Amino acid sequence: MKVFLDINDIKKHISELKQSNKIISLVPTMGNLHSGHISLVEKAKKESDVVIVSIFVNPIQFGPNEDFNKYPRTLEEDLEKIKKAGGDIIFTPSVETMYQADPNDRCVVSSSYKSRLLCGKFRPDHFDGVLTVVLKLLNICEPDKVFFGMKDYQQYILIKDMCESLNLNIDVVACPLIRDRDGLALSSRNAYMSAEQRTMALSLSKAINSIKNAFEKGEKKVKHLKGVGLNTMSASDVAVQYIEIVDSNSLMSAEEAKKGDLVAVAAYSGKTRLIDNIIL
Ligand code: AMP
C-alpha cells in the first residue's frame, strides 16, 4: 500500500497506472474510519483494479462553531484498516497542500438550491465546501468511479449532480448506510457521546423507522407522518433540528409521501449533531 502526501507525487503515480488501463476508484473520507467507511473500500475493491482512499479533514466544510479542531484524527489505525480491506493507495494531504493559501480566498464550487435544503438550512456553506474538496480530489486522482455512503444522502445527491452538471466522466456509486447492531447509524461523531447520550441517539433510527412503518400501513399525509416521527423522538431528550420527507432526487417536499421518498432527520444528542435517513 502506498501513502502519498503530495499532489504531484500522487498525480505522477496515477498517470503511470492509467497507462496500463487500470480501473481506478476513489473513496473520499475524513478518516477515523469505522465499518461504514470500510464497506465503501470493500465495494470499491470489488468493482475496480486500484482503490485510492483519501483521508482529509476539510476545513472549508465546517462552520465557525463546528468541530473542525476536535474532529478525531487516527491516521495509524486508519492505515491498518484500509490495508486489511484491500485499499491500494492512501492520499492524506495537509491543509496547506490542498489549499496553498487561505482556503477562503480561492475559487469554490457553488452548489444548487438542493444545498440549501435539509442540512443546508442549518449548515449554510457546508455543501459548497464539500463539493469544492471533492472536485479537487477528483481532479487530482482522476478516478473512473467514486464511492459515497447513503448515510450522507444529501451529499451523495449533490455530488452526483455536480458530476453531471460539470460533465465529469465519473461513475458516482452509492453505498448502503451501515448501522450498529442496535440501529444507530455509524458515524465518526458517535465517539463524542456518553453512554447515556448514545442511548438517546437511538431515537433517530426509531423515528425514521416509525415513519416507514406508518407509511407502509397506509398513512400518506406528510404532516401526519412527520408527527409520528416527532412523537417517537419526544420520548428521548434529543433536540430535533429537522425531520423531513422529501422526493429522493429533487429533495423537495409535498403534501403526500410516495414510495421511494427520503425520510431524513438531524438532531443533537447532548452537543453531538447526528443525522440519519431511510428510503420509503
Ligand atoms: P466522512 O469520513 O464522514 O466524510 O465519510 C466518508 C464517506 O463514508 C462518505 O461517503 C460517507 O457517506 C460514508 N459513510 C460514513 N458513515 C457511513 C455509514 N454509517 N454507512 C455508510 N457510509 C458511511
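This one's a predicted model, so the numbers in the text were calculated from it and none came from an experiment. Order of listing sets the numbers, starting from 1, for every ligand and every atom in it.
- If you check the side chains of Asp128 and Ser110, you find no donor sitting under 3.5 Å from an acceptor.
- Residue contacts with ligand 1 include His34, since one of its heavy atoms falls under 4.0 Å from the ligand.
- Backbone and side-chain nitrogen or oxygen atoms of Thr29 are examined, and none is located within less than 3.5 angstrom of a nitrogen or oxygen of ligand 1.
- The ligand atoms of ligand 1 that sit less than 4.0 angstrom from a heavy atom of Leu177 are 20 (N), 21 (C).
- Using a 4.0 Å cut-off between heavy atoms, Ser188 makes no contact with ligand 1 at all.
- Using a 4.0 Å cut-off between charged side-chain N and carboxylate O, Arg273 and Asp67 make no salt bridge.
- Counting protein heavy atoms only, atom 10 (O) of ligand 1 is closest to Gly149 N, 2.9 Å.
- The part of Leu40 lying near ligand 1 is the side chain, judged by heavy-atom distances below 4.0 Å.
- Considering each of Ile55, Asp152, Val173, the one bringing a non-hydrogen atom nearest atom 11 (C) of ligand 1 is Asp152.
- Contact atoms of ligand 1 toward Pro28: 6 (C), 7 (C) (distance under 4.0 Å to a heavy atom of the residue).
- Between Asp247 and Lys258, at least one side-chain N (NZ, or NE/NH1/NH2) sits under 4.0 Å from a carboxylate O, which counts as a salt bridge.
- At the top of the distance list for atom 5 (O) of ligand 1, counting protein heavy atoms only, stands His37 NE2, 3.4 Å.
- Taking 4.5 Å as the limit, some side-chain heavy atom of Val246 sits within range of a side-chain heavy atom of Ser253.
- When only interatomic distances are considered, the shortest N/O to N/O separation between Ile178 and ligand 1 falls below 3.5 Å.
- Glu255 has no carboxylate O lying under 4.0 Å from a charged side-chain N of Lys223, or vice versa, which leaves the two without a salt bridge.
- Within a 6.0 Å sphere centred on NZ of Lys12, heavy atoms belonging to other residues, nucleotides or ligands number 12 at most.
- With respect to atom 17 (C) of ligand 1, the closest heavy atom belonging to the protein is Lys151 CB, 3.6 Å.
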Would you mind writing out the side-chain donor-acceptor pairs for residues 51-62 within the sub-3.5 Å range, not counting sequence neighbours?
{"unit_1": "Asn58", "atom_1": "OD1", "unit_2": "Tyr99", "atom_2": "OH", "d": "2.5"}
{"unit_1": "Asn58", "atom_1": "ND2", "unit_2": "Gln61", "atom_2": "OE1", "d": "3.0"}
{"unit_1": "Asn58", "atom_1": "ND2", "unit_2": "Gly129", "atom_2": "O", "d": "3.1"}

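- Here salt bridge (Lys or Arg N to Asp or Glu O under 4.0 Å) pairs that include residues 195-212, with residues two or more places apart or in two chains, are Asp180-Arg198, Asp182-Arg198.
- A salt bridge links Asp88 with Lys45: the distance from a Lys NZ or Arg NE/NH1/NH2 to an Asp or Glu carboxylate oxygen falls below 4.0 Å.
- Using a 4.0 Å cut-off to heavy atoms of Met30, the atoms of ligand 1 that qualify are 1 (P), 2 (O), 4 (O).
- Backbone and side-chain nitrogen or oxygen atoms of Phe148 are examined, and none is located within less than 3.5 angstrom of a nitrogen or oxygen of ligand 1.
- Proximity of Pro176 to ligand 1 is established by a heavy-atom distance of less than 4.0 Å.
- Considering backbone and side-chain N/O atoms, Phe147 never comes within less than 3.5 Å of an N/O atom of ligand 1.
- Checked against a 3.5 angstrom limit, the closest N/O atoms of Leu186 and ligand 1 fall inside it.
- The side-chain contact (heavy atoms from CB on, under 4.5 Å) with Lys43 is formed by just one residue from the set Cys175, Ser48, Ser25; it is Cys175.
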